[in-house]
Amino acid sequence: MPVSLYDTLTRSISEIRPEDGKTLGFYCCGPTVYGPSHIGNLRTFLLQDVFRRTVELSGLSVKHVRNLTDVDDKTIRESRAKSVPLKEFTRGWTERFHRDSAALNMLPPHFEPAATDHIKQQIELIRCLIDRGHAYASESGSVYFRVSSFGNYGKLSRLKEREITTDREGPAGGEPIDADEYERDSGADFALWKAHKEEDGDVCWESPWGPGRPGWHLECSAMSMAYLGQTFDLHGGGVDLVFPHHENEIAQSEACTCKPFARHWFHCAHLTVEGSKMSKSLGNLYTLDDIQARGHGPMAVRYVLISAHYRQQLNFTMDTLHAAESALKRLRAKADALMETAGIDRDAFYDAGTIMKHAGEDAGAFQPAWEQLTRDLNTPAALGEAFRALGDLAKNPGAPGVAGKQAWGFAKIVRALGLDLHRDREAARPEAPEEIRKLAEARWQAKRDKDFARADALRDQLKEAGWRILDRKDGYELEAL
Ligand code: AMP
Ligand code: ZN
């Protein structure tokens with residue numbers, strides 16, 4: 001079944017087919033590793049993960065490349081502020097990102113190039129652009145892309161040139177650029193190579209234009225083409241990257257190769273929190289750790305983040321997590337029942353190879369859910385269809401012989417969404433109300449006093465109130481029933 005997405009380049013839903021008919025080349029702008037990813041960043045990566053899973057389940061291969069932005073204004077500024085060498089600083093945040101990604105059940109990309117490991121490719125790209133008259137070096141040793149030299153500039157974002165005045169790497173972090181400081185000959189030219197400045201400390205590489213470092217936009221052009229070729233199938237990121245980052249990537253790449261860069265563009269809408277943009281000053285910038293510390297498991301976070309369509313802004317609230325937890329619980333119970341009827345064990349239900357063997361078959365009652373995923377990655381509609389199918393099957397399970405087909409149909413949807421329905425059961429620890437915590441403390445004390453009758457009575461009382469107490473080596477945990 002063909003898989004489609006809304007292509008930002010054509011502003012229309014397009015079938016996303018690999019040019020070679022087999023393997024989809026998919027480049028995603030990865031994290032800037034200067035701090036923990038917030039749940040907005042994670043939403044974009046999760047939706048890309050669901051798309052990759054859907055393409056794979058449709059019978060194609062994917063070559064998934066997601067870079068690490070490990071040198072830019074922010075990484076340098078933060079590493080210097082902490083007096084930690086850049087490489088060491090970004091390594092720590094990269095590890096944290098990997099940990100979050102694994103907790104959220106994201107498939108690791110096939111390649112994860114770091115910008116600092118691809119300086120040579122970036123210098124070659126700049127050299128090509130200078131040779132072709134698309135870039136110029138300033139006296140200070142910075143190199144800029146001459147936007148007026150590239151006739152197609154603005155084709156992705158559809159901006160008129162006069163409106164182009166901002167650069168994410170600008171001195172004020174997204175404010176309009178101070179042209180003097182950036183030594184531009186036109187308001188829209190952007191840096192490919194930044195001459196070394198005092199505030200860069202020891203972060204610098206030699207280049208034909210003197211010591212310096214690459215511009216952020218250049219990094220992704222060089223790395224995507226290094227791993228996927230000059231023309232590749234799909235490029236993705238959050239909607240904030242359409243301009244200027246992706247516009248600049250197109251300009252740099254196509255001006256050098258004279259070939260189309262990415263054939264399709266996939267952008268995810270932003271996440272807001274309690275109706276506002278996430279920001280440190282509003283105190284609503286959440287990381288996965290922040291949410292786990294409030295007792296919610298990562299699978300509930302995954303569920304919430306993929307439960308709105310990728311082109312729709314998602315407003316995150318703590319209530320959405322509670323709703324996700326109960327939805328996961330219902331899905332888990334239905335999955336267990338389906339597995340039991342079909343005689344499938346849990347390992348097989350989640351095993352990628354086994355699911356792939358059945359993926360080409362009709363998904364039975366879950367075929368409408370599957371079709372929603374393949375059609376512009378409609379994750380909320382797919383979830384809705386899956387619940388509807390589960391409800392129908394509960395009322396009318398059909399002949400015993402078809403139970404396997406239904407179970408594999410459901411396993412395919414669960415795999416595409418990347419939900420591990422059995423994982424959060426252990427991880428989720430919703431915060432218990434005070435009276436429950438007091439009862440649990442009293443029971444713990446009774447156990448220490450070897451008053452086992454009282455401890456058992458308190459345990460029963462907790463159970464009646466909807467809480468299970470789990471003994472651990474150095475204490476206990478409370479789990480909502
Ligand atoms: P960064 O680590 O800032 O380079 O961003 C990593 C990814 O997260 C990029 O694709 C961004 O476009 C995306 N992103 C940033 N903020 C948000 C947000 N609030 N909601 C969804 N995606 C976001
Ligand atoms: Zn990028």
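Numbering of ligands and ligand atoms starts at 1, following listing order.
- The CZ atom of R43 sits 11.0 Å away from the OH atom of Y310 when rounded to the nearest 0.5 Å.
- Remark: ligand 1 and L241 share no N or O pair separated by less than 3.5 Å (distance only, no angle test).
- Checking only distances, G40 does come within under 3.5 Å of ligand 1, N or O to N or O.
- Inclusion of N41 in the set of residues having an N or O under 3.5 Å from an N or O of ligand 1 is warranted.
- Between V71 and V203, the closest side-chain pair of non-hydrogen atoms falls below 4.5 Å.
- Taking 4.0 Å as the cut-off between side-chain N and carboxylate O, E385 and R388 count as a salt-bridged pair.
- Taking 4.0 Å as the cut-off between side-chain N and carboxylate O, E371 and R375 count as a salt-bridged pair.
- Residue contacts with ligand 1 include D240, since one of its heavy atoms falls under 4.0 Å from the ligand.
- You'll find the side chain of N248 stays beyond 4.5 Å of the side chain of W216, heavy atoms only.
- Taking every heavy atom of T44 and a limit of under 4.0 angstrom, the matching atoms of ligand 1 come to 10 (O), 13 (C), 21 (C), 22 (N), 23 (C).
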Inset, instruction - Show the numbers, then the answer: is there a ring pair (Phe, Tyr, Trp, His ring centres under 6.0 Å) between F51 and F266? - result: CA-CA 10 Å; F51 183 70; F266 167 28; 5.4 Å; yes
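- For the Zn ion (ligand 2), the set of protein N/O/S atoms nearer than 2.8 Å consists of C29 SG, C220 SG, H245 NE2, ordered by chain and number.
- Under the 6.0 Å distance and 45° angle rule, R66 does not count as a cation-pi partner of F111.
- Contact of the M278 side chain with the H270 side chain is not registered, since no non-hydrogen atoms from C-beta on lie closer than 4.5 Å.
- Remark: side-chain polar atoms of N152 are not paired, donor with acceptor, to backbone N or O of K155 under 3.5 angstrom.
- The pair R53-D49 counts as a salt bridge, with a side-chain nitrogen and a carboxylate oxygen less than 4.0 angstrom apart.
- Atom 17 (C) of ligand 1 has its nearest heavy-atom neighbour, among K74, Q48, H270, in H270.
- A salt bridge does not link R99 to E95: none of the charged side-chain nitrogens sits closer than 4.0 Å to a carboxylate oxygen.
- Of all the atoms in ligand 1, the ones that sit under 4.0 Å from a non-hydrogen atom of P31 are 2 (O).
- Remark: ligand 1 atoms within the under-4.0 Å shell around heavy atoms of F45 are 6 (C), 7 (C).
- The shell of residues lying under 4.0 angstrom from ligand 1, judged by heavy atoms, excludes C28.
- Near G237, the atoms of ligand 1 lying under 4.0 angstrom from a non-hydrogen atom of the residue are 10 (O).
- The contact set between ligand 1 and L271, taken as ligand atoms under 4.0 Å from a residue heavy atom, comprises 18 (C), 19 (N), 20 (N), 21 (C).
- In K277, neither the side chain nor the backbone holds a heavy atom less than 4.0 Å from any atom of ligand 1.
- Comment: D200 does not engage R80 in a salt bridge, judged by the lack of any side-chain N to carboxylate O separation of less than 4.0 angstrom.
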